[in-house]
Structure formats: structure tokens, C-alpha cells
Amino acid sequence: MSVRVRFAPSPTGDLHVGGARTALFNWLMARKLGGTFILRVEDTDGARNTAEASAGIIKGLRWLGLDWDEGPEVGGGCGPYFQSQRKAIYDAYLSKLKASGRVYTEENGAVRFKFSRTAITVHDLVCGDVVFAATEEPDMTVRRPDGSYIFHFVNVVDDIEMGMTHVIRGEDHLSNTWKHVDLFHAFGVTPPTYAHIPLILNPDGSKMSKRDEGSAIEHSYMNAGYLADAVFNYLCMLGWTPKAENEKLSRSELVALFDPLAIHKSNAKFDLKKSLWFNAQYLRELSADELFKHAMPFLKAKSLSWSDEAIAAAAVYSVREKVSLLSELPDWVHYFFREDYSFEADVITKLKGKPENATLLGVVATHLSAANEWSEQGVLDGVEAAAKELNIKPGAMMPLLRFALSGQSRGPGVTTIAHLIGRDATLGRIARTLREVLT
RNA sequence: GACCCCUUCGUCUAGCGGUUAGGACACAUCCCUUUCACGGAUGCGACACGGGUUCGAUUCCCGUAGGGGUCGCCA
């Protein structure tokens, strides 16, 4: 039998890391076994669900590259995939329960399911067989007086209707699973195989929920400058360890390595530093074009613009090993894009520190204006010639030139900066520094 | 409160009776270096506690403590 798994979010808010990882593991399972990954929106509670949230979740899943084979936007043979549109199916299933005497209606119209009140065992790939003693809880409500249905009921009905073979979800559902199994039995259906994955906790050990740092996919990752591949990779490492030498693994490697039996039982705390490390790793292996494409929205957000895209891309590429997030890029490259960059306080202090700095910059300018060709080597030759004339080491000239050309004390190689901004800008910036700082 | 799951360096983890308890992130130092980074090297650093079982427990069993979860006409 072909594997069928699903991610069944309730659209009450943005896609959350916990949900994203649940979707991720389901996706890995389907792709690993050549199965089907289904997206089902559990929007039975009209009061809490919104279309915006639903769209947001889809946006987040798309960004992470978790494509589904059946569900919203793609269709499939078991639709509709919004539970709010499946009332007739639920009514039919409720009738089955009525026929077998497993439900009863209360005075106000709510319908309850009669628990079997026997010990129930949940077979779980991660937790093993978990036995729940006969319950003493009140029978559970499956339909509200207004005719709408409750999660436990629709969840089970749809898992039956959509032919789910495995249910991979957060461990917070484990304690309720016996109720689902009871329902499956009442319908005369063998329950799917379960796999309850550990939860993601905050660094302090508390349960991570919306609002917490690093919890919302769109806000904390997409907009913060993460690469989807990095987030995908990092999330896999929370609660699962692939049998591999390295932790940095591509999607295809992760698919090939995936094994639900290797998923951990214990919860994992979110580690911001490590997520940044993963992102930095992925950032560095992007080509100049790819990096620029990803960086563009972040540059524009800081009002940076360019006329020569190749130069702009080269500028961004020159600082790729200095950042962990795309959002850090503008601060590292803004001076490539404008002449009115400001001078950092310590840069001004250092420039003014020695009176001979003005002379040094003047000599460098003279040599650079005479350079035969404007390449990095040409710039370097000019600086060395100036240093020789001044009888100092070329290395001693570099910081000064860096200060003048960027206003910053750190950045890519000085010759790279000069080469990319061009001769005119280089000479102009030296002149500006002489005029505005070393007066 | 009842029930369920969990417990190895600060964090993510390897380990599946005998290991100098390994790796990654972070941190520290050093090297490299025109800055900042990258990279390389080294270091710091853990089996929650108490009983068993065993020739021998991080590993198996029980208990305690601690953490998380579930007990809705939320999902």
C-alpha cells in the first residue's frame, strides 16, 4: 500500500516552526517512500479561522519548498481539502455512529461519542506502544449544537476518507490519540500508524508558541533574511539525527536519509546561534547571481539602488562570508551604492589621529589617478607605489584608504572596493574625506 | 490532581553492557590576515539522583526529582 500522509493545520494564525517541522517530516516521509503528501485545512471552527491565516500557512509552506500532492491549489481525488466544505461527509459518518448506537444527543443539541471505556493501545513509530487505561473522562462531544463538528471527529473521519496510512504530528497530540483510536474502532477501521514527534521548546525550556522569538516562519525567517534551504535543514536537526557525517545536508540527502524510527522522543530547545550558522553556510555557497537575487529585497528595503547590476551583485558577493542573514547585507554594502555614506565615529577618530594622514591620502590619490588600468591589481600597484614613495609598508596604507572609501573600519578587501566603485568615485571619495574629515 | 512522554557537555546530539563518553553550535586561546570575517589548530565542557540486575552500567529494571504534554461544545 502506498504511503499517504498529511499536514493538517488549523488556520488560526501564521505558520509556526512547530507546524512547519511537522509538515517537513510528513513531506520527508512521503518523498522518501514515493508516497502522497496531502495538505488539509482544518477550519471547522468558524469563529477562529481566517482566510488570511490559511493563505499565510500556504505561503510559508511554499517558501519552505514543501509541495503537496493533494490539497488547496492543486486539488486531488479526496477533496474538498477544507473541512469547512465537508459537512455532508461528516453528517454521513455521524449517521453510521448513530446506527451503531455510539452517539447520543444532549438536550441542547450537542452530540457526544460514547467512549468504549476499555484499555486502548496506540502504536507509535516514535514512542512505541503506549497503553491508555480505560478512561473515566466524560464522553466527548463530536458535534456542536449549531451542527458544526469537533476536531477529534473530523480529523478521524478525514483520515479515513483520505486514506491516510501514517499520522505524523506533534507529541502534544499523543495524550488524545486513544480517543481517535476509539473512533476508528467505532467506524470499524484500522487506525493509521502514528508517529508523534517531539516538540520545539524555547531556550528556557518553555513551550514555544506564537510571539516567541524564532516561532513564526514568515516573520522570523522569511523576513529576517534566512534562506529556505537553511531553515529546512536546521528544522530537520531538531528531533532527528540523520545517519551522516555532517549536519549540513541537502534536501535530497535528507529525503534519502529520513527514517521515522530514528526520530527522537525528547523535546528540543531552539538554538538561534545554530540556526544562524546553518544560514551562513548556505549563504556562502550561493553564486553571485543567486545571492544578489535573494539580497535584492533587503537592499531595496534600505532604499539602496543601483544602475549596474553586475557591479551591485559583485559588491554583495564580496561580503558574503561576513554575514549570517540576508538582512545584515545592507549595512555591509551601502557605501557601494551611494556617495553620501557617513563616517563611523571611530573611523573619524583614527583619521584625525595622525596629522600626516592627509598627506598619505593625497599621495595615494596621485598614484591611483595615474594607474594604467583600473583593476584590483592596478589599484594594488598604485597603493604600493604610494607606499614606496612615502617609505612605509603598503599594509599601513590600506586602513586609511578603507576609511576614506567606505567610512567603515571593516569590509571586503580595499582593492575590491576601489575596483568596484571605479576610479572616479575612488578619487572623489578621497577628496571628500580630505575635505570633510581631515580639514 | 489524574494520565501520557521525556532526562548525556550551555544548546543540538552520538552511544544501543566493557569507549581516554565522540561530533556540531556557542565560548576561549593561537595561527592565517590591509580591517571584519572565512578557514585551520587547540582548549573548556555532560551521562539528574537513589536503588537494583550483572564480573561490569551512560546503556537493562524500579523508584525519586525535574521538564514537557493532555484532560474543551480549540485544534
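Residue numbers begin at 1 in each chain, while the letters A, B, ... track the order of the sequences.
Of all the heavy atoms in A:P11 and A:I57, the pair that sits closest is CA-CD1, 3.9 Å. Scanning both residues, A:A418 and A:L405, for their nearest heavy atoms gives CB-CD1, 3.9 Å. Annotation for A:A20 and A:L235: closest pair CB-CD2, 4.3 Å, computed over non-hydrogen atoms.
The separation between A:K179 atom NZ and B:U70 atom P is 11 Å, rounded to whole Å. Across the protein-nucleic acid pair, A:N233 atom CG and B:A24 atom C1' stand 12 Å apart, rounded to whole Å. A:I263 places its CD1 atom 17 Å from the P atom of B:C5, with the value rounded to the nearest Å. Atom-to-atom, CD of A:E106 to C1' of B:G72 comes out at 13 Å; the value is rounded to the nearest Å. Nucleotide B:A14 holds its P atom 16 Å from the CG atom of A:N246, rounded to whole Å. In this structure, the CE atom of A:M237 is 13 Å from the C1' atom of B:G23, given to the nearest Å. Atom-to-atom, CD of A:E247 to C1' of B:U11 comes out at 11 Å; the value is rounded to the nearest Å.
Interatomic distance, A:D182 CG to A:H152 NE2, rounded to the nearest 0.5 Å: 12.0 Å.
Counting any heavy atom pair closer than 4.0 Å across all strands shown, A:G413 reaches a base atom. Counting non-hydrogen atoms under 4.0 angstrom, A:P203 reaches nothing in the nucleic acid. Using a 4.0 Å heavy-atom distance criterion, A:V130 is classed as a sugar-phosphate-only contact. Within the nucleic acid shown, A:A268 comes within 4.0 Å of sugar-phosphate atoms alone, with no base atom in reach, counting heavy atoms only.
Of the residues near RNA chain B, A:R284 and A:D45, the one whose nearest nucleotide (by heavy atom distance) lies more toward the 5' end is A:R284. Positionally, the nearest nucleotide of RNA chain B for A:H264 lies more toward the 5' end than for the other of A:S275 and A:H264.
At least one cation-pi condition fails for A:R338 and A:Y341: the charged atom is not both under 6.0 angstrom from the six-membered ring centre and inside a 45 degree cone around its axis. Figure legend: A:K248 and A:Y282 shown as a cation-pi pair, the cationic atom lying under 6.0 angstrom from the six-membered ring centre and within 45 degrees of its axis.
In B:C38 the base sits syn relative to the sugar, since the glycosidic angle is no further than 90° from 0.
Taking a cutoff of 4.0 Å between a charged side-chain nitrogen and a carboxylate oxygen, A:R4 and A:D159 do not qualify as a salt bridge. Using a 4.0 Å cut-off between charged side-chain N and carboxylate O, A:E106 and A:R112 make a salt bridge. The residues A:R6 and A:E70 are annotated as not salt-bridged, no charged nitrogen and carboxylate oxygen being separated by less than 4.0 angstrom. We find that A:K322 and A:E328 are not joined by a salt bridge, their nearest charged nitrogen and carboxylate oxygen being 4.0 Å or further apart.
Base pairing annotation: B:A57 forms no Watson-Crick or G-U wobble pair, as no partner gives both donor-acceptor distances under 3.5 Å. Base pairing of B:A21: no nucleotide in any strand meets the Watson-Crick or G-U wobble criterion (both distances under 3.5 Å). Using the Watson-Crick or G-U wobble rule with both distances under 3.5 Å, B:C44 pairs with nothing in any strand shown. Nucleotide B:U7 is matched to B:A65 when pairs are restricted to Watson-Crick or G-U wobble geometry with both distances under 3.5 angstrom. The partner of B:G39, taking Watson-Crick or G-U wobble pairs whose two distances both stay under 3.5 Å, is B:C31. B:C16 is unpaired under the Watson-Crick or G-U wobble criterion, no partner having all donor-acceptor distances under 3.5 Å. In this structure, B:G1 forms a base pair with B:C71, meeting either the Watson-Crick or the G-U wobble geometry with both donor-acceptor distances under 3.5 Å.
Taking atom P on both nucleotides, B:C9 is separated from B:A21 by 16 Å, rounded to a whole Å. Rounded to the nearest Å, the gap between the P atom of B:C31 and that of B:C6 is 49 Å. For the P atom pair drawn from B:U19 and B:U29, the interatomic distance equals 35 Å after rounding to whole Å. Nucleotides B:C60 and B:G68 are separated by 24 Å at their P atoms, to the nearest Å. Here, B:A41 and B:C47 have their C1' atoms 28 Å apart, quoted to the whole Å. Nucleotides B:A48 and B:C38, compared at atom C1', are 39 Å apart to the nearest Å. A distance of about 40 Å separates the P atoms of B:C4 and B:G45, rounded to the whole Å. Across B:A24 and B:G72, the matching C1' atoms stand 42 Å from one another, rounded to whole Å.
Within the structure, every pair that satisfies the side-chain hydrogen bond (donor to acceptor under 3.5 Å, both in side chains) test and touches residues 249-268 of chain A, not counting sequence neighbours, is listed here: A:D229-A:R251, A:T241-A:H264, A:S250-A:S252, A:S250-A:E253.
Contact check, A:T141 against B:C73: a side-chain N or O comes under 4.0 Å of OP1 or OP2. Note on A:S175: every side-chain N or O is 4.0 Å or more away from OP1 and OP2 of B:C71. When the side-chain nitrogen and oxygen atoms of A:T177 are compared with OP1 and OP2 of B:C4, none of them lie within a distance under 4.0 Å. Regarding contacts with the backbone of B:A75, every side-chain N or O of A:N49 stays at 4.0 angstrom or more from both OP1 and OP2.
Checked against A:H196 for a side-chain contact (heavy atoms from CB on, under 4.5 Å), the options A:V130, A:V126, A:D124 give a single hit: A:D124.
For A:K207, the side-chain atoms get nearest to B:G68 when compared with the rest of B:C73, B:G68, B:C12. Distances from the side chain of A:I150 to the nucleotides B:C6, B:C4, B:A75 place B:A75 closest. Proximity note for A:K243 (side chain, C-beta onward) versus B:G15, B:C71, B:U13: the nearest is B:G15. Among the nucleotides B:G23, B:G39, B:C71, the one closest to the side chain of A:E137 is B:C71. For A:F132, whose side chain is taken as the heavy atoms from C-beta onward, the closest listed nucleotide among B:G69, B:C4, B:A75 is B:C4.
With ring centers used as reference points, A:Y234 lies under 6.0 Å from A:F270. Two rings, from A:Y93 and A:F187, have their centers less than 6.0 Å apart. Between A:H173 and A:F151, a ring centre-to-centre spacing shorter than 6.0 Å is recorded. Ring centroids of A:W240 and A:F258 are separated by less than 6.0 Å, placing the two rings close together.
One can find a donor-acceptor pair under 3.5 Å joining the base of B:C73 and the side-chain atoms of A:N108.
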Return the polar atom pairs (N/O with N/O) between nucleotides 26-32 of chain B and the protein under 3.5 Å, or none.
none

Are there any protein N/O atoms within less than 3.5 Å of an N/O atom in nucleotides 58-60 of chain B, and if so, which ones and at what distance?
none

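The salt bridge (Lys or Arg N to Asp or Glu O under 4.0 Å) test applied to A:R86 returns A:D158, not counting sequence neighbours.
Applying a 4.0 Å cut-off to non-hydrogen atoms, the residues of residues 400-411 of chain A that approach RNA chain B are A:R402, A:S409, A:R410, A:G411, listed by residue number. Near RNA chain B, defined here as any heavy-atom distance below 4.0 Å, the residues from residues 320-339 of chain A are A:E321, A:K322, A:W332, listed numerically.
The aromatic rings of A:W178 and A:F115 are tilted relative to each other, their planes meeting at an angle between 30° and 60°.
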